[in-house]
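In what follows, every heavy atom counts, from backbone to side chain, and hydrogens, waters and symmetry copies are set aside. Chain letters run A, B, ... following the sequence lines, proteins first, then strands; residues in each count from 1. Because the structure is a prediction, the values reported are computed rather than measured.
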2 protein chains.
Amino acid sequence: MHFGERIRELRESQGLLQRQLAANLEIDTPMFSKIERGERKAKREQVLKIAEILKASEQELLALWLADQIKEIVTDEDQALQALKIAQKDINQANTK
Amino acid sequence: MHFGERIRELRESQGLLQRQLAANLEIDTPMFSKIERGERKAKREQVLKIAEILKASEQELLALWLADQIKEIVTDEDQALQALKIAQKDINQANTK
DNA sequence: TTATATTAGCCAAATATTGACAAGTCATAA
DNA sequence: TTATGACTTGTCAATATTTGGCTAATATAA
């Protein structure tokens, strides 16, 4: 489940239209459509705004949004999982220090 | 340990100079210096070439190079670890399918 | 049909990345 | 001290990527 899929779920479950969300984000509908389909990446501030509009968890949406970007970097790389593991370790180290 | 640190280790252990590596990569020495210090990101093809020149494991260097990019995305994000976990799961799913 | 929602494709503006250059530091040798 | 060599810093232009808007196409429904 990527970010776009999730916000589409939330949007549809609340009976909202793309153009309503788009207007709130001050982008046009085609752009919002692309974000939902994962063709374009939302900006961080847009993620926060979307969470607010859809009364969704900011943390959940940010996590999905970050995960999309991570996946984009490592997909088709043989070392994908190893790279993730290294990053994980380094971040844990930074946190505990 | 990030990518730059590792290649510096390898380079120095072999008594090579930055300008020798730089010449091989067809960039100038300041640029190579920045790559070693992590101020600039190497291009994928440069990573491969560096592995070759330093007789190092292409896989190891690619993994470090990818990890650097992942860290850049998630550092300072509260959801960093959660995002990594999501990405990990998604990649595993893609691999087993 | 007509109207509304969504998607596709293309283009320009804005932004980010890359590399080169000049000048700087630092250490060591003459 | 001066000179030299290795490396670093800062800035700039060229290039590439991203972002968003526009128009047109496709669906879906009344």
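A nucleotide of DNA chain D counts as in contact with chain A when one of its atoms lies under 4.0 Å from a heavy atom; the first and last such, 5' to 3', are D:dT19 to D:dT23.
A:Ile35 places a side-chain heavy atom less than 4.5 Å from the side chain of A:Ile7. Contact check for B:Leu54 versus B:Leu21: side-chain heavy atoms found under the 4.5 Å cut-off. For the pair A:Arg44/B:Glu77, a side-chain contact is recorded, criterion being any heavy-atom separation below 4.5 Å from C-beta on. Looking at A:Ser13 and A:Glu9, their side chains never come closer than 4.5 Å, going by heavy atoms from C-beta outward. Looking at B:Ile50 and B:Phe3, their side chains come closer than 4.5 Å, going by heavy atoms from C-beta outward.
Applying the salt bridge (charged side-chain N to carboxylate O under 4.0 Å, His left out) criterion to A:Glu12, with sequence neighbours excluded, gives no partner residue. Listed by chain and number, the residues in a side chain to side chain contact (heavy atoms under 4.5 Å, CB included) with B:Asp28 are B:Pro30, B:Met31 (sequence neighbours excluded).
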Strictly under 4.0 angstrom, non-hydrogen atoms only: write out the protein contact profile of nucleotides 11-28 of chain C, one letter per nucleotide from the 5' end, B, S or -.
-------BBBBB------
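Contact annotation: A:Ser33 side-chain N/O to C:dT7 OP1/OP2 distance is under 4.0 Å.
The stretch residues 51-72 of chain B participates, sequence neighbours left out, in these side chain to side chain donor-acceptor pair (under 3.5 Å) pairs: A:Asp90-B:Lys71, B:Arg6-B:Glu60.
Contacts of B:Arg37 with the nucleic acid, taken as non-hydrogen atoms under 4.0 Å apart, include base atoms.
Ion pair A:Arg37/A:Glu5 not flagged as a salt bridge, since none of the NZ, NE, NH1 or NH2 atoms sits closer than 4.0 Å to an Asp/Glu carboxylate oxygen.
Note on B:Leu17 and B:Leu10: separate hydrophobic clusters, where clusters join Ile, Leu, Val, Met, Phe, Trp and Tyr whose side-chain heavy atoms are under 4.5 Å apart, directly or indirectly.
Residues of residues 1-20 of chain B having a heavy atom closer than 4.0 Å to DNA chain D, listed by number: B:Arg8, B:Arg11, B:Leu17, B:Gln18, B:Arg19.
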